[in-house]
Amino acid sequence: MRPLTEAETRAVFEKLGKYIGENIQLLVDRPDGTYCFRLHRDRVYYLSEKLLKLAASVPRESLVAPGTCFGKFTKTQKFRLSVTALDFLAPYAKYKVWVKPGSEQSFLYGNHVLKSGLGRITENTAQYQGVVVYSMADVPLGFGVAAKSTQECRKVDPLAIVVFHQADVGEYVRNEDTLT
C-alpha cells in the first residue's frame, strides 16, 4: 500500500471531479478526521489516517482491503470508478438523474436509462457530464454519464438513451466475487 503518484492522483481527481466537482475537498478534509487515498494492487482505497496507521502493521500479502475501494487502474493506466464509491459520491453529486419505478430494475440489471424511464434531471446538466442515478424515493442506485443535456432530453423520442450506465448497486450481486 502506497500513496498515489502525481499522475495517479490527477487521474483519480479528474474522474471524481466529473461527478462531484469541487466537493472533492470535502472527501479529504472531513469533520471526523483526515482521509486519504492509497493504492494497493492497482486499486485505489479511501481510508482515514487512523486506519492507515493500523493497516501499516499488516503484511502487504495479507492485506485484502484497507478501506473503501473507490476504483481501479486499468492496464493502460486509466482510472475506473467502482460502485463501492457510490456512498461517497451521492451526497456531494452536482448533477442527478431520477428514474421512474418501472425503469429502476432495468438500470439495476446494467442497462442505460431511456427517456421513457427518466423521472427528473438536474437543470443545466451538460452532455457527457457525470451524473448520479437515484430512484424517485431519493435512494442512490448508481452513476453514469449523461448522453443528452437537460435541454435535449425534453425534445428526444421516448426510446433515446439519456444516461449511459457506468455502475449500479446490482453489481454487488452480479459481481460479488470480484468486488473488494
So how far is it from [X] [atom1] to [Y] [atom2], rounded to the nearest 0.5 Å?
X: Ser82; Y: Gln166; atom1: OG; atom2: CD; answer: 12.0 Å
X: Lys75; Y: Asp42; atom1: NZ; atom2: CG; answer: 7.5 Å
X: Gln129; Y: Lys18; atom1: CD; atom2: NZ; answer: 7.5 Å
X: Trp98; Y: Leu141; atom1: CH2; atom2: CG; answer: 12.0 Å
X: Ser116; Y: Leu159; atom1: OG; atom2: CG; answer: 6.0 Å
X: Asn23; Y: Leu16; atom1: CG; atom2: CG; answer: 11.0 Å

Taking [Y] as the starting point, is it possible to reach [X] by hopping between hydrophobic residues whose side chains are less than 4.5 Å apart?
X: Val58; Y: Leu47; answer: yes
X: Leu108; Y: Phe164; answer: yes
X: Tyr109; Y: Val113; answer: no
X: Leu89; Y: Val139; answer: no

Report yes if the side chains of [X] and [Y] come closer than 4.5 Å at any heavy-atom pair, otherwise no.
X: Val133; Y: Asp168; answer: no
X: Phe73; Y: Val12; answer: yes
X: Lys15; Y: Lys78; answer: no
X: Leu52; Y: Cys36; answer: yes

Least distance between heavy atoms, [X] atom then [Y] atom:
X: Val169; Y: Pro140; value: CG1-O, 4.2 Å
X: Pro101; Y: Met136; value: CD-CG, 4.0 Å
X: Pro91; Y: Asp87; value: CD-O, 3.3 Å
X: Arg43; Y: Cys69; value: CD-SG, 4.0 Å
X: Leu81; Y: Phe79; value: CD2-CE2, 3.9 Å
X: Glu104; Y: Val99; value: CG-CG2, 3.8 Å

Treating [X] as the side-chain partner and [Y] as the backbone partner, does any N or O pair qualify as donor plus acceptor under 3.5 Å?
X: Asn111; Y: Ser106; result: yes
X: Gln127; Y: Ala147; result: yes
X: Tyr134; Y: Ala90; result: yes
X: Glu14; Y: Ala11; result: no
X: His112; Y: His165; result: yes

Using the rule given for side-chain contact (heavy atoms from CB on, under 4.5 Å), can you reason through Val145 versus Tyr19, listing the C-alpha separation, both sets of side-chain angles and the distance that settles it, and then say yes or no? CA-CA 9 Å; Val145 175; Tyr19 294 95; 4.1 Å; yes
Once you measure the plane-to-plane angle for Tyr45 and His40, does it fall in the parallel (<30°), tilted (30-60°) or perpendicular (>60°) bin?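 Plane angle between 30° and 60°, so tilted.
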Would you call the rings of Phe70 and Phe88 parallel, tilted or perpendicular, taking 30° and 60° as the class edges?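 Tilted, since the angle between the ring planes falls between 30° and 60°.
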Test Thr150 against Thr122 for side-chain contact (heavy atoms from CB on, under 4.5 Å), laying out the working first. CA-CA 7 Å; Thr150 304; Thr122 307; 6.0 Å; no
Mind running side-chain contact (heavy atoms from CB on, under 4.5 Å) on Cys153 and Leu118 for me, showing each step along the way? CA-CA 9 Å; Cys153 285; Leu118 182 67; 4.3 Å; yes
So is Arg30 actually on top of Tyr35's ring, under 6.0 Å and inside 45° of the axis?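 That pair qualifies as a cation-pi contact.
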Does atom CD (Gln77) have a neighbourhood of more than 12 heavy atoms from anything else shown, all under 6.0 Å?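 Counting other residues, nucleotides and ligands, CD of Gln77 exceeds 12 neighbours.
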Would one find more than 12 heavy atoms of other residues, nucleotides or ligands at under 6.0 Å from atom CZ of Arg80?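 Atom CZ in Arg80 is not crowded, with 12 or fewer foreign heavy atoms closer than 6.0 Å.
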Residues Glu8, Arg2: salt bridge by 4.0 Å N-O rule: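 Yes, Glu8 and Arg2 are salt-bridged.
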Set out, in order, the CA-CA distance, both residues' side-chain angles and the distance that settles side-chain contact (heavy atoms from CB on, under 4.5 Å) for Lys72 and Val44, then state yes or no. CA-CA 6 Å; Lys72 66 180 241 175; Val44 176; over 6 Å; no
